[in-house]
Participant: 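Quick one: structure below, then a few questions.
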Amino acid sequence: LDLKAEDLKHLKELGAGNGGTVSQVMHITTKTLMAKKIIHIDANPSVRKQILRELQILHDCNSKYIVSFYGAFMSDADISMCMEYMDVGSLDNIYKKKGPVPLEIVGKITLAVLEGLNYLYENHRIIHRDVKPSNILVNSKGQIKICDFGVSGQLINSIADTFVGTSNYMSPERIQGASYSVRSDVWSVGITLMELAMGRFPFPPDGSQLTVLELLQHIVNEPAPRLPTGEFPEDFDDFVQQCLIKVVSERPSPNELLVRIFGEIFFYGTFLN
Ligand SMILES: O=C(NOCCO)c1oc2ccncc2c1Nc1ccc(C2CC2)cc1F
Ligand SMILES: [Mg+2]
């Protein structure tokens, strides 16, 4: 299925984020609903060709926790990426509309995200680099899948060159210039789970407004955020604390967290059930 622009019928705009625009499209011949993401890259043709080549890896990223990929193509200076249409949408829009996510759903999200991250790393050595509620998608079959992960190194560079990438979910070591590791993704998972369970971004604790710089300094210099005491089960609080260990070498990897969850009684009768 080699995708081209003329094979697709534009249906509606779904959203626009930092540097990307997503719309719902129909693949005309197969009648398949898709989400098409357009990223504008002002890079020379050889860089754009390399990005397209690297994105082909997505055809081998097959997991029920990863949004399916249909293909990518260039149209003038833009990269178009076509993927599975997730009809319920992204978790940031869901919690902003419906309020804090019930804990049994947070448990389901936790397992899906850890399994997805673990699949990407163990099978393709891919680190997500951008775990956050807007990159976790839900469909009406109740499936939870991750997207927008760093599969193309060249696209990572091009996005970094073109857009301001200081993410609120960035780990302390990453803010201080250390290189990404899978454990940096686990920090972002911790912040994401807190945000979903609390129904608000967890920094700063008192909810006051911080500038971007103040936020980054806070993440590096202050203790990790904590769930409000007594409002959540201890096992969820412990799990989030594990994800938010500030020293990256002491923070668990997705694989270690999954082994701990499935290896212990911990899993049953907890927020993960
Ligand atoms: O969208 C991205 N960032 O969002 C900010 C710009 O709007 C993004 O950043 C990358 C960096 C490196 N390689 C890829 C991507 C990628 N996109 C992407 C990755 C995987 C998939 C999988 C099919 C589900 C879909 C995607 F759209
Ligand atoms: Mg995104």
Side-chain angles (χ1 to χ4, degrees), residues 54-55 57-69 83 90-92 106-137 144-157 159-160 165-197 202-203 216 219-220 224-225 235-236 238-264 266-267 271-272:
E54 291 175 342
L55 290 174
I57 298 168
L58 284 168
H59 287 298
D60 303 321
C61 291
N62 302 307
S63 157
K64 62 183 187 178
Y65 304 108
I66 307 287
V67 172
S68 302
F69 177 70
M83 66 199 93
S90 60
L91 285 178
D92 66 318
V106 172
K108 210 169 167 280
I109 294 163
T110 304
L111 291 177
V113 172
L114 290 179
E115 293 284 10
L117 292 178
N118 196 48
Y119 168 85
L120 286 175
Y121 190 70
E122 297 304 318
N123 296 279
H124 302 281
R125 280 284 170 275
I126 292 173
I127 300 168
H128 192 298
R129 296 166 178 268
D130 200 10
V131 176
K132 55 186 176 181
S134 64
N135 288 339
I136 305 170
L137 308 182
I144 300 164
K145 308 188 183 192
I146 58 180
C147 67
D148 293 4
F149 44 87
V151 62
S152 155
Q154 189 52 258
L155 184 51
I156 291 168
N157 299 338
I159 288 179
T166 50
S167 149
N168 292 345
Y169 303 85
M170 209 171 267
S171 58
E173 70 275 4
R174 185 76 188 117
I175 292 169
Q176 295 177 93
S179 59
Y180 246 103
S181 81
V182 277
R183 294 164 200 268
S184 307
D185 280 343
V186 167
W187 170 277
S188 307
V189 168
I191 301 294
T192 297
L193 295 179
M194 278 186 78
E195 179 175 358
L196 297 173
F203 284 107
L216 296 178
I219 294 168
V220 169
D235 62 304
F236 180 55
D238 291 346
F239 187 89
V240 168
Q241 283 315 301
Q242 286 294 305
C243 295
L244 298 180
I245 290 172
K246 288 185 74 179
V247 179
V248 59
S249 56
E250 292 166 23
R251 196 184 306 147
S253 67
N255 196 39
E256 284 165 1
L257 284 170
L258 283 169
V259 165
R260 215 173 293 177
I261 289 168
F262 289 105
E264 291 163 18
F266 175 81
F267 177 58
F271 82 99
L272 292 160

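Nothing here was measured: the structure is a model prediction, and the numbers come from that model.
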Participant: What closest approach, in Å, do L55 and S152 show between heavy atoms, and which atom pair accounts for it?
Facilitator: CD2-CB, 4.0 Å

Participant: P254 pairs by side chain to side chain contact (heavy atoms under 4.5 Å, CB included) with which of V189, V113, V186, V259?
Facilitator: V186

Participant: Closest heavy-atom contact between W187 and F203?
Facilitator: CZ2-CZ, 4.3 Å

Participant: Does some side-chain heavy atom of C243 sit less than 4.5 Å from a side-chain heavy atom of L257?
Facilitator: yes

Participant: Quick one: does any side-chain atom of E115 pair with a main-chain N or O of A112 as donor and acceptor, under 3.5 Å?
Facilitator: no

Participant: Is there a side chain to side chain contact (heavy atoms under 4.5 Å, CB included) between M83 and L58 once you walk through the steps?
Facilitator: CA-CA 10 Å; M83 66 199 93; L58 284 168; over 6 Å; no

Participant: Does the side chain of T192 reach to within under 4.5 Å of the side chain of I109, using non-hydrogen atoms?
Facilitator: no

Participant: To check you understand the geometry: which heavy-atom pair defines the closest contact between R183 and S249, and what is its length?
Facilitator: NH1-O, 4.4 Å

Participant: How about Q242 and R260: do any of their side-chain heavy atoms sit closer than 4.5 Å?
Facilitator: yes

Participant: Please tell me whether D92 and S90 have a donor and an acceptor in their side chains that are separated by less than 3.5 angstrom.
Facilitator: yes

Participant: So, for E195 and P202, which heavy atoms are closest and what is the spacing to 0.1 Å?
Facilitator: CB-CD, 4.0 Å

Participant: Taking P172's backbone N and O only, do any of them form a donor-acceptor pair with Q176's side chain (distance below 3.5 Å, no angle check)?
Facilitator: yes

Participant: Go through the structure and list residues passing side-chain hydrogen bond (donor to acceptor under 3.5 Å, both in side chains) with T110, not counting sequence neighbours.
Facilitator: none

Participant: On a heavy-atom basis, which atom in E54 and which in G153 lie closest, and how many Å separate them?
Facilitator: OE1-N, 3.2 Å

Participant: Test side chain to side chain contact (heavy atoms under 4.5 Å, CB included) on V248 and S181; report intermediate values, then the result.
Facilitator: CA-CA 9 Å; V248 59; S181 81; 4.0 Å; yes

Participant: Would you indicate whether the side-chain heavy atoms of D185 and I127 approach each other to under 4.5 Å?
Facilitator: yes

Participant: For the atom pair CD1 (I219) and CD1 (I175), what is the distance rounded to the nearest 0.5 Å?
Facilitator: 4.0 Å

Participant: Is there a side-chain contact between L117 and I146, using heavy atoms and a 4.5 Å cut-off?
Facilitator: yes

Participant: Between R129 and F149, is any pair of side-chain heavy atoms under 4.5 Å apart?
Facilitator: no

Participant: I'd like to check the side-chain contact (heavy atoms from CB on, under 4.5 Å) partners of Y119; sequence neighbours left out, ordered by chain and number.
Facilitator: C61, N62, S63, I66, N123, H124

Participant: Determine the interplanar angle of the F271 and F239 rings, folded into 0 to 90°, and report it as parallel if under 30°, tilted if 30 to 60°, perpendicular if over 60°.
Facilitator: perpendicular

Participant: Among R174, E173, R251, H128, find the one that has a side chain to side chain donor-acceptor pair (under 3.5 Å) with S184.
Facilitator: E173

Participant: So, does N135 use its side chain to make a donor-acceptor pair with the main chain of D130 at under 3.5 Å?
Facilitator: yes

Participant: Considering non-hydrogen atoms only, spot the tightest contact between G190 and V240 and give its length.
Facilitator: O-CG1, 4.2 Å

